[in-house]
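Worksheet: the structure to be examined is printed underneath.
Just so you know, these numbers come straight off a predicted model, no measurement behind them. All chains are named by letter (A, B, ...) in the order of the sequence lines, taking the proteins before the strands, and each is independently numbered beginning at 1.
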Amino acid sequence: VHVDEVIADLVSASGDRLLRLAYQLCHDRAGAEDLVQDALTRVYGNWLRRRPDIDSAEAYLRRAVVNEYLRRRRLKSSTEVVTDAVPETVDGGFDDAVVDRDQMWHALGSLPPRQRTVLVLRFYEDLPDAEIATLLDAKEGTVRSLASRALQTLRSQALVEEKP
Amino acid sequence: MIDDDLRAVMREHDGEAPTTAEFLARHGPAEARRRTTRWIATGTAAACVGAIAVVLSIFGLSATPRPETTPHSIATSANLGGSVIPSDPACPRHVQDSNTAIYGWVPADPQTRNPARALVPRATPQSVVVCSYTGHFIVTGPKADSLAHATLAGMRALGGDLRSVTSALRRVPDGPDDGCLQYLSPSTDSQYYLIGLSFHGKIDWVAVPGDHCKGSTNGVYNSRTNLRADTAQAYTYGIWDADPTVLRQCHARPSPTAPATLRTDPAGLTVC
């Protein structure tokens, strides 16, 4: 099978899913297309060199999209400090709260890139933490820590009122 | 539960993402695009070389770089830093690339202090030049994965806030092999860039191979991070940290030159 055919098949089979993932990460339509385009060219070049398993191509593309997103953000700025330690306490009462979803979407967009990526992979892609850790080349504890911090931030920003 | 709310919020915005049909309409089928970009890349490189020759002839300069004792830098089009800027780092005529090197090649060891700590020092450079090289990337045979006949195709003195260059390059980690997962653009594997930074007369070079499997280096500090995309953008627009949104806006207009956002103006001003 020629690589061009494989990539064409991948685009028709997985294009929508990859574009939606990219959009969840960058919240920008043009940026999402750029991420997927870069991922596709990356897969193409890697195919020439290493001939990866065709069956793993979609997962590879997903990883390429995530890596490219993080790379772009990393070169812009990086002040995030990540540890394995998960905060012991989390603000309670969230279950009783009403969430403004628009606010939550905006709050998601303002999270540090790795935190946002973990939430997208966990809640949008429904990946287990172990798989997210592999994808991000991080420890599972780090993934949990990133998710916990992100959720804390969202809790503090997205709540608008308490349920009666 | 916040988990459910998050899932719901994300699904609500699913419809805002571009579709495959829209993506293909703008980017075209992979095969056609690949072939097109290769021709465009070749044509663009040739056009750039031609444009440089014209500019050089206008300013009475030779197309061949002068010896390093009389350095110069030519901007290929208008940029923030002006059209012709004297610059300390002088681009070498050729780069040396091999298929055994993991990192890039620099013409000289760094002259600033503590080069093993990061790609560049923390200080603000007085001038930064990006040298662009075009060669023939060998895909098969005993010399596969090497760049042959890489010769100087152009130089660009960067304008704008030069602190942004060192700020970005200092953040480049000396990370492990990423297995070529990142930074691929097959049509640009035949490109090579050198970034020359001048700090009060001391010159540091950063190598930026186009080969997506090769990392960056200053000759002492090595990183698996490939900086081709960012360097190519800087070379094109004459500024390191150009805002992609502004670039897209400027590209949408006819005959764009170098865009820039004047950040000192709180209201913002875009110049294309």
Side-chain angles (χ1 to χ4, degrees), chain A residues 4-5 7-8 10-12 14-16 18-24 27-34 36-38 40-46 48-50 60 63-64 67-68 71-72 74-78 94-95 97 99 101-102 104-105 108 119-120 122-124 126 137 151 154-155 158, chain B residues 1-24 26-27 29-35 37 139-140 144-145 167-169 171-173 175-176 178-189 211-213 225-227 229-230 241 244-245 248:
Chain A
D4 294 331
E5 295 171 23
I7 289 183
L10 271 173
V11 171
S12 55
S14 311
D16 281 343
L18 288 169
L19 286 162
R20 286 198 295 266
L21 168 63
Y23 183 75
Q24 292 290 337
H27 290 198
D28 173 62
R29 287 171 59 89
E33 290 187 8
D34 286 349
V36 172
Q37 178 64 25
D38 282 350
L40 287 170
T41 54
R42 212 170 292 144
V43 166
Y44 176 83
N46 208 43
L48 285 179
R49 291 163 183 273
R50 300 194 173 193
Y60 182 85
R63 181 172 185 159
N67 279 340
E68 177 63 16
R71 186 192 76 85
R72 291 180 181 194
R74 188 170 61 236
L75 288 178
K76 286 288 179 191
S77 65
S78 180
F94 192 86
D95 291 350
V99 169
R101 288 184 172 170
D102 282 342
M104 180 175 272
W105 177 253
L108 264 171
L119 291 193
V120 169
R122 185 192 268 189
F123 296 114
Y124 184 77
D126 284 325
D137 196 20
L151 292 174
L154 292 182
R155 282 188 175 97
Chain B
M1 289 289 290
I2 192 170
D3 297 11
D4 297 332
D5 284 317
L6 264 173
R7 287 191 177 90
V9 167
M10 290 173 177
R11 297 295 171 198
E12 277 175 10
H13 288 268
D14 247 3
E16 297 168 9
T19 64
T20 301
E22 292 170 328
F23 174 76
L24 290 175
R26 275 188 278 274
H27 296 271
E31 182 178 11
R33 174 171 169 74
R34 177 177 60 80
R35 289 177 177 165
T37 50
V139 178
T140 58
D145 295 345
S167 296
L169 295 180
R171 286 196 293 268
V172 174
D178 59 17
C180 299
L181 276 178
Q182 298 186 25
Y183 323 119
L184 167 67
S185 185
S187 63
T188 53
D189 271 5
D211 181 353
H212 64 283
C213 282
T225 301
N226 186 292
L227 296 165
D230 301 276
D241 203 13
T245 306
R248 274 197 292 273

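You'll find the side chain of B:E22 reaches within 4.5 Å of the side chain of A:R29, heavy atoms only.
For the pair B:R11 and A:Y124, the cation-pi test (distance below 6.0 Å, angle within 45°) is passed.
Contact record, A:R155 with B:I2: NH2-CG2, 3.7 Å, taken as the closest heavy-atom pair. Across every non-hydrogen atom of B:L6 and A:L119, the tightest pair is CD1-CD1, 4.2 Å. Of all heavy-atom pairs spanning A:V11 and B:T20, the tightest one is O-CG2, 3.6 Å. The minimum heavy-atom distance between B:F23 and A:E33, with the atom names listed, is CE1-O, 3.5 Å. For A:L19 against B:A17, the heavy-atom pair with the smallest separation is O-CB, 4.0 Å. Contact detail for B:H13 and A:Y23: the closest heavy-atom pair is O-CE2, 3.6 Å.
Salt bridge status for A:R122 with B:D3: absent, with no side-chain N to carboxylate O gap under 4.0 Å.
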